[in-house]
2 protein chains.
Amino acid sequence: MTSDVAARSPVMADVAELAGVSHQTVSRVLNDHPNVRPATRERVLDAIGQLGYRRNLSARALVTRRTNTLGVVAFDTTLYGPASTLFSIEHAAREAGYFISIVSLKTITRSSVGEALSYLVEQSVDGIIAIAPQRTAAEAVAELPSGLPIVAVEGGEAGTTPVVAVDQSAGAAQATRHLLELGHTTVQHVAGPAEWLEAEGRLRGWRDTIEDAGAPVPEIIRGDWSPRSGYAAGRAVLARRHRPDAIFVANDQMTLGLMRALAEAGLRVPDDVSLVGFDDVPEAEFFSPPLTTVRQDFAEVGRASIRMLLDLVEHGSQRAPDEARHVVEPELIRRASTAPAS
Amino acid sequence: MTSDVAARSPVMADVAELAGVSHQTVSRVLNDHPNVRPATRERVLDAIGQLGYRRNLSARALVTRRTNTLGVVAFDTTLYGPASTLFSIEHAAREAGYFISIVSLKTITRSSVGEALSYLVEQSVDGIIAIAPQRTAAEAVAELPSGLPIVAVEGGEAGTTPVVAVDQSAGAAQATRHLLELGHTTVQHVAGPAEWLEAEGRLRGWRDTIEDAGAPVPEIIRGDWSPRSGYAAGRAVLARRHRPDAIFVANDQMTLGLMRALAEAGLRVPDDVSLVGFDDVPEAEFFSPPLTTVRQDFAEVGRASIRMLLDLVEHGSQRAPDEARHVVEPELIRRASTAPAS
DNA sequence: GGCACGATTGTGAGCGCTAACAGGCACCCT
DNA sequence: AGGGTGCCTGTTAGCGCTCACAATCGTGCC
């Protein structure tokens with residue numbers, strides 16, 4: 001009979017004593033081993049309940065060399081896309097019994113990504129998901145020395161890193177084709193920053209579609225994803241000699257800024273200009289007018305990346321190379337910001 | 001001389017051997033103990049570099065009983081507010097040398113919050129930040145049995161839990177007063193869900209201000225924060241006998257929906273109706289017209305909550321009760337959606 | 001009745017680290 | 001000269017768990 005009860009949180013040995021078994025049997029019950037007599041299991045479970053026992057995961061991690069924690073490196077989780085992806089990653093991981101440790105970066109540079117990765121390695125996570133939408137980030141990820149399983153989200157084709165990505169260029173092609181089919185002679189594009197792989201994918205899809213249609217390829221304008229830069233792009237478009245009557249903007253936020261610039265100039269959407277965005281943020285449906293845009297299934301991206309990562313973590317890294325890239329198809333959502341050319 | 005190099009990642013003993021010291025000295029160097037001769041420290045550091053040694057945090061946690069990990073329970077991190085708060089929490093924590101483990105909930109119920117909390121306790125985090133904007137969540141947090149340090153963000157006054165919160169009612173009062181000062185006879189309010197503490201705080205600030213001014217108090221309309229519900233609220237407002245010419249909406253997203261409804265009805269903002277939102281999301285400046293709204297300093301909320309939590313974690317829980325609530329002041333941002341009453 | 005065999009349980013060691021203590025050495029004071 | 005007083009370093013003992021192996025128990029079969 002020990003003197004002080006609950007002086008310190010109970011350990012496996014306490015449970016064992018109360019249940020009249022060895023600590024090893026307790027461990028077996030906890031780990032769902034077969035070959036534990038039901039009656040014994042019952043007694044152990046009872047003791048655990050009585051004592052309010054929780055096993056010490058640090059001790060467990062020390063011997064198993066697995067922390068059951070997954071690291072996520074993300075960039076600006078304040079934006080809708082990354083936030084949604086992160087959200088679904090977290091859910092999928094928890095469902096699979098893993099913890100999530102995140103590092104979210106303010107800026108993406110080779111070194112900041114490198115630091116974030118080694119921070120996670122330090123923490124001995126079992127695997128890493130890197131949301132690496134920029135070329136430099138993708139490179140830093142590809143260079144991760146340790147043998148740690150890693151999956152890149154929106155990463156490039158660089159190296160052998162498995163990737164989960166939305167088919168950006170297919171989405172852009174859908175948007176552009178839609179505009180062309182409405183009778184617009186060509187489509188102006190407001191692109192994202194050149195370092196962003198997503199921006200380049202969308203740019204490519206747009207250009208290919210325009211060229212395939214034999215339409216003239218207007219000079220692009222670059223933004224930085226922010227509404228402000230969309231506004232600036234709008235002003236720039238308005239200053240052109242030939243004002244376009246169809247614009248495909250690389251994301252919804254910039255589209256909002258651009259709409260503002262058009263409104264200030266007294267132009268109506270879609271009467272004067274047809275507009276297509278990208279992302280389908282929750283607000284897009286309530287823009288004036290409701291925005292035709294390309295929806296990305298961020299939830300699926302998150303789920304797929306966890307699936308891929310856990311496959312790597314649990315079944316080793318010997319996988320067929322053709323499975324190393326999971327592509328999620330985007331979908332054009334038609335609303336009121338596009339209309340036939342007048 | 002051991003046979004296989006790097007067959008397994010090096011441990012403290014390997015470093016010790018290479019540096020010609022005991023493992024304890026290595027530990028001392030790693031933990032910045034005084035009383036290590038500079039030359040010795042140098043040799044140890046060298047050995048660490050050569051071997052690429054990283055200490056095993058599980059082993060460390062096992063003996064120190066500290067994991068250096070903080071848990072965060074959040075709700076719908078897809079929204080701008082929670083996402084921004086989370087972002088700054090993560091940064092502040094990392095700066096202080098702590099890891100962050102998040103659980104983000106889809107729904108807030110007593111049990112889902114309870115589960116999330118015990119999930120984190122299971123992981124033996126050193127402390128918890130709960131973003132608990134609903135009454136039920138705040139209650140569940142207050143009930144956390146274990147002696148774990150915990151800080152609630154936007155939690156109620158319930159119990160003894162330390163809280164960091166924005167002064168919602170002061171923000172709402174600023175917004176309402178602004179509208180009143182423009183000459184509007186009264187201000188309509190589109191509120192958030194009744195279970196949300198933030199919604200109730202804003203409602204209170206609005207009502208008090210109206211009453212203090214001796215203006216009639218219109219019946220409120222409730223939304224659920226989404227643009228869609230703002231749209232519905234807009235339709236409802238338009239159906240009223242007395243169409244208001246000033247509306248204070250409990251968040252920016254709903255305001256967007258409401259603006260859409262007004263636009264469909266041919267009403268102009270601010271000429272026909274003045275509008276004030278809440279949050280100052282990055283898009284607000286580019287609504288048509290740019291939205292007057294109340295800015296919340298989410299970054300400060302995040303930083304303050306980490307500061308408070310670490311204080312609890314590191315200096316024990318004996319603190320003066322007057323420090324137990326940190327209030328962040330919101331700020332009215334005047335833009336183009338409000339104008340003097342005609 | 002004895003024996004093989006599988007199911008069930010226990011024993012001992014050790015994961016990699018830090019805490020507590022002990023020892024050795026140089027230096028200073030009386 | 002003796003002993004105290006710091007500084008620096010090493011030794012030992014766990015933290016709470018899982019793994020490998022050993023031991024025990026029951027059962028069926030010849």
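Naming: A, B, ... by sequence-line order, numbering from 1 per chain. Quick caveat: nothing in here was measured; it's all calculated off a predicted structure.
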* **For atom CE of B/M12 and atom P of D/dG14, their distance in whole Å** => 20 Å

* Asked: Any side-chain donor-acceptor pair under 3.5 Å between B/S101 and B/Q123?
  -> yes

* Asked: Is a side-chain donor-acceptor pair under 3.5 Å present for B/T109 with B/T107?
  -> no

* To do: With a 4.0 Å heavy-atom cut-off, tell me which residues in residues 25-41 of chain A come close to DNA chain D, sorted by residue number.
  => A/S27, A/N31

* **Salt bridge B/E90-B/R94, side-chain N to carboxylate O under 4.0 Å** => yes

* Find out whether B/V21 and B/T40 are in side-chain contact, i.e. whether some heavy atom of one side chain is under 4.5 Å from a heavy atom of the other. => yes

* Asked: Starting at NE2 of B/H23 and ending at C1' of D/dG14, how long is that distance when rounded to a whole Å?
  -> 12 Å

Give every pair of a protein N or O atom and an N or O atom of nucleotides 24-26 of chain D that lie under 3.5 Å apart, one pair per line with the distance.
none

* Asked: Can you check whether A/I150 reaches A/V141 side chain to side chain, under 4.5 Å on heavy atoms?
  -> yes

* Report the C-alpha distance between B/T77 and A/L86 in whole Å, list the side-chain angles of each, state the deciding distance to 0.1 Å, and finish with yes or no for side chain to side chain contact (heavy atoms under 4.5 Å, CB included). => CA-CA 9 Å; B/T77 45; A/L86 192 56; over 6 Å; no

* Is there a side chain to side chain contact (heavy atoms under 4.5 Å, CB included) between B/L70 and B/L310 once you walk through the steps? -> CA-CA 9 Å; B/L70 265 21; B/L310 289 186; 3.9 Å; yes

* Asked: What ring-ring contact (aromatic ring centres under 6.0 Å, His included) pairs are there with at least one residue in residues 20-49 of chain A, not counting sequence neighbours?
  -> none

* Taking the side chain as every heavy atom from C-beta outward, state whether A/R303 and A/E95 have any pair of such atoms under 4.5 Å apart. => no

* Structure fact -> Separation of D/dC8 atom P from B/R43 atom CZ, nearest Å, is 14 Å

Identify all pairs in which a protein N or O lies below 3.5 Å from an N or O of nucleotides 26-28 of chain C, and state each distance.
none

* Side-chain touch A/I306/A/Y98, heavy atoms, less than 4.5 angstrom -> no

* Asked: Can you find a heavy atom in the side chain of B/N31 that is under 4.5 Å from one in the side chain of B/R60?
  -> yes

* Asked: Is there a side-chain contact between A/V103 and A/L120 (heavy atoms, below 4.5 Å)?
  -> yes

* Starting from C1' on D/dC21, measure out to CD on A/Q24 and report it in whole angstrom. => 11 Å

* **Closest heavy-atom pair and its distance - A/S104, B/H91** => O-NE2, 2.9 Å

* To do: Report yes if the side chains of A/D32 and A/R41 come closer than 4.5 Å at any heavy-atom pair, otherwise no.
  => yes

* Axis-to-axis angle between the two ends of the helix from C/dG1-D/dC30 to C/dT30-D/dA1 (five base pairs per end, rounded to 10 degrees) -> 50°

* Side chains of A/E195 and A/I108: does their closest heavy-atom pair fall under 4.5 Å? -> no

* Structure fact -> Per the under-4.0 Å heavy-atom filter, residues of residues 44-68 of chain A near DNA chain C come out as A/L62, A/V63, A/R65

